[in-house]
Amino acid sequence: MSHTDTVGRNGYLLYCTQVQTLYLLFPDGQEVPQKDLELEETPMELGGEQGRWEEERLKTASLSFGAKKEREQGMKQEQEKYQLILEEDEMIDFVSSAITMKGTLSEKVGSTGFFLFVSCFSFCFPTLSQAELKKQSMQEVRRSLPIFPYREDLLAAIHEHQILVIEGETGSGKTTQIPQYLTASCPGTRNIGCTQPRRVAAMSVAARVAQEMSVKLGNEVGYSIRFEDCTSERTVLKYMTDGMLLREFLTEPDLASYSVVIIDEAHERTLHTDILFGLIKDIARFRPDLKVLVASATLDTERFSCFFDEAPVFRIPGRRFPVDIYYTKAPEADYLEACVVSVLQIHITQSPGDILVFLTGQEEIEACCEMLQERCRRLGSKIAELVVLPIYANLPSDMQAKIFSPTPPGARKVVVATNIAETSLTIDGIIYVIDPGFCKQKSYNARTGMESLIVTPCSRASANQRAGRAGRVAAGKCFRLYTAWAFKHEMEETTVPEIQRTNLGNVVLLLKSLGINDLIHFDFMDPPPHETLVLALEQLYALGALNHLGELTKLGRRMAELPVDPMLSKMILASEQYKCSEEVLTIAAMLSVNNSIFYRPKDKVVHADNARMNFVVPGGDHLVLLNVYTQSGYSTQWCYENFIQFRSMRRARDVRDQLEGLMDRIEVEVVSSQGDSVPIRKAVTAGYFYHTARLSKGGYKTVKHQQTVYIHPNSSLFEEQPRWLIYHELVFTTKEFMRQVIEIESGWLLEVAPHYYKSKELEDSSNKKMPRKQGKTKEELG
DNA sequence: GAGCACTGC
């Protein structure tokens, strides 16, 4: 047996066997005692031992796709059917793992249990006219939740311990019930805060709980998310985003108004949740009256317990149907093609139920949908109807909504999704999941300050989360387009927490403004790379937010008031001096919606690009964004005609409104530069002087790191190539690209950051390398 | 001449 290493389409190494006889069968790791997972003795290289081992394992599993019984029944028939539709050599051999991802519901019991379960988390709530009728059944639902029998024990545990880790799968009822148990059992409690990683979750859970408690949303039960505070003086139970609670530390560093804080979905390890861990652990020491509950879905609870000084773990069973896991016998070099084939295989051989496919991004999703539709067209009436639907965050809302419409009778729905379907949204009716095992992940290089978005194998935790999506309605099946060996040996146990792969500029600013000076020794559950902290501190110092002792300056304090990255914050503060805050606020808002302003559907690329050209003004992308915002009609119609994403525009408007509302507090007057772009560009320079690049042969060189970078082809300055420019961000895709660039004069750098440029890169390198050009620049200055 | 996953303040 020889293995050839082939480079996958995304540059990742996939192991591909030339002869497809690699039958490795491993049990899936989910909820399985460790002894069942001792697989290390099995070598990848195939020898005699290996062969025997394989044979043995094969006896215990079905030979190929589908259940053994089904195959025995009509194997011949089936094969004939396959050949009509799929070429024999393109079919994928799946092998069943010996162990199923355990569910807590059997299919029979579940079918009634399911409705109870779904209605609990559904976003559609009964109307008031039905209220009385529903009230009774709602209480029944509450009593039927897995958490219900644990109520008294749980309350006792909370009473006894200050910090408690709660392990509960989705559907256990922990998010909706625990706060209610607390309010009911101790009526005198002050506020209970419960954090969620996502806005919709905070809103919908709050709405649900308000209904269960028969109170009006915003009274006793409310929610608080950015742009929307739905609470009042009466509110005792507040659901909120994790970032919101983090911001509350600024006004109330000891969280005095809370008696209970619940950090929900802790296993997701969002940046904000991770920071909250450190802060809350700290305040819990001098606030013995504060109860802290850390709720997590996975086996990671040991780590939480360990971090919170051996806090006890309280386990609540979840509610889910079993999911059979299948792996490919051999690795698939082209997972896109493999997805298409798998969908068709399921469609032909498996009983009714919708399919969910996980891909990494828009481009792949579009390609996959096209391939599927093309094959269905060719097959015509040979197969039942297949409804193919894409879903990703940047897809316009009306197209997103289609995935929720019911599947027509006799047809099968295929939803081709990004990670959005992993946590953020749940699609009813999914029975089959196809998981190629990849996702796009952001990483951050603190040496260069460069972000990249790279296709990487996802973690085992993520793969299990995806598989779980097949077990929400009934028992399901998950087809993994990789071998069981790869699952065990090539995938990480968990995803690297966000705090370790992101820029920490605003986190550092926030912690500094909370008076935490020694960040290197801050109690992080998983500390970020040292260089990331150092770079963040260095940049804050360069911006003037920190003094040489690392203490917050007055400027830094004002910067921390704004919920944006430090450079953006500095830019806004600088706009005061240049009398252009009106325009700079707009630019800041537009920059913060991150490149999703222009809609560019694949089939209308030319139209979309022409529409974009209409907004181009001299000076650079920041000014183009300003122009879009100024011209924007704020209507869906206008956005549609101009290939602008309505959602992004609305968000930019929300951000701008919020920022403008904060201008009073940081004492910046909102005034316009009346069409003069120089002050605007100077304000941008004042915030982003750290991001200067100079034209050099073949591209640009960053002034800071002498790194070769390029203007992104979508930039309005792509053709112009000005001598000096400022970039908003640096991203690595196929090359090192500067995205959102604006032309500046080098003299401005000396004006806005004399402390930085007089002594550093600009003067030094210019004098050494290009003394004449330096002189020229000064002439230009006048 | 590219091609941006997902959240959040």
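What you see is a predicted model; the values in this text were computed from it and never measured. Convention: sequence-line order gives letters A, B, ...; per-chain numbering from 1.
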Under 4.0 Å between a side-chain N or O of [X] and OP1 or OP2 of [N]?
X        : N     : answer
A:Thr734 : B:dG3 : yes
A:Thr241 : B:dT7 : no
A:Arg199 : B:dC9 : yes
A:Thr733 : B:dG3 : yes

Checking side-chain hydrogen bond (donor to acceptor under 3.5 Å, both in side chains) for the pair A:Tyr599/A:Asn642: CA distance, chi angles, key distance, verdict? CA-CA 9 Å; A:Tyr599 179 53; A:Asn642 290 281; over 6 Å; no

Among A:Glu265, A:His267, A:Lys174, find the one that has a side-chain contact (heavy atoms from CB on, under 4.5 Å) with A:Ser296. A:His267

Answer with base, sugar-phosphate or nothing: what part of the nucleic acid does [X] contact at a heavy-atom distance below 4.0 Å?
X        : answer
A:Gln658 : nothing
A:Thr270 : nothing
A:Gln441 : nothing
A:Ile420 : sugar-phosphate
A:Lys735 : nothing

Here the residues of residues 707-717 of chain A within 4.0 Å heavy-atom distance, strictly under, of DNA chain B are A:His712, A:Pro713, A:Asn714

Sorted by number, the residues of residues 225-232 of chain A with heavy-atom contact under 4.0 Å to DNA chain B: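 Residues of residues 225-232 of chain A that come under 4.0 Å of DNA chain B are, in numerical order, A:Ile225, A:Arg226.
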
Presence of salt bridge, [Y] and [X], under 4.0 angstrom:
X        : Y        : value
A:Arg303 : A:Asp526 : yes
A:Glu660 : A:Arg656 : yes
A:Lys238 : A:Glu248 : yes

Closest nucleotide of DNA chain B for A:Ser592 versus for A:Lys440: which of these residues is on the 5' side? A:Lys440

Residue whose nearest DNA chain B nucleotide is more 5′ - A:Leu562 or A:Leu453: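 Its nearest nucleotide lies further toward 5', so the answer is A:Leu453.
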
Please determine if A:Arg466 forms a cation-pi arrangement with A:Phe358, meaning its NZ or CZ atom is less than 6.0 Å from the six-membered ring centre and no more than 45° off the ring axis. yes

Measure from CG on A:Asn394 to C1' on B:dG3 and round the result to the nearest Å.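 Whole-Å distance recorded here is 13 Å.
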
What residues, two or more places apart in sequence or in another chain, satisfy side-chain hydrogen bond (donor to acceptor under 3.5 Å, both in side chains) together with A:Glu729? A:Asn595

Spell out, as yes or no, whether a donor-acceptor pair under 3.5 Å connects the side chain of A:Gln400 to the backbone of A:Ile391.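 It does not hold such a pair.
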
A:Arg469 side chain to A:Thr426 main-chain N or O, any donor-acceptor pair under 3.5 Å? no

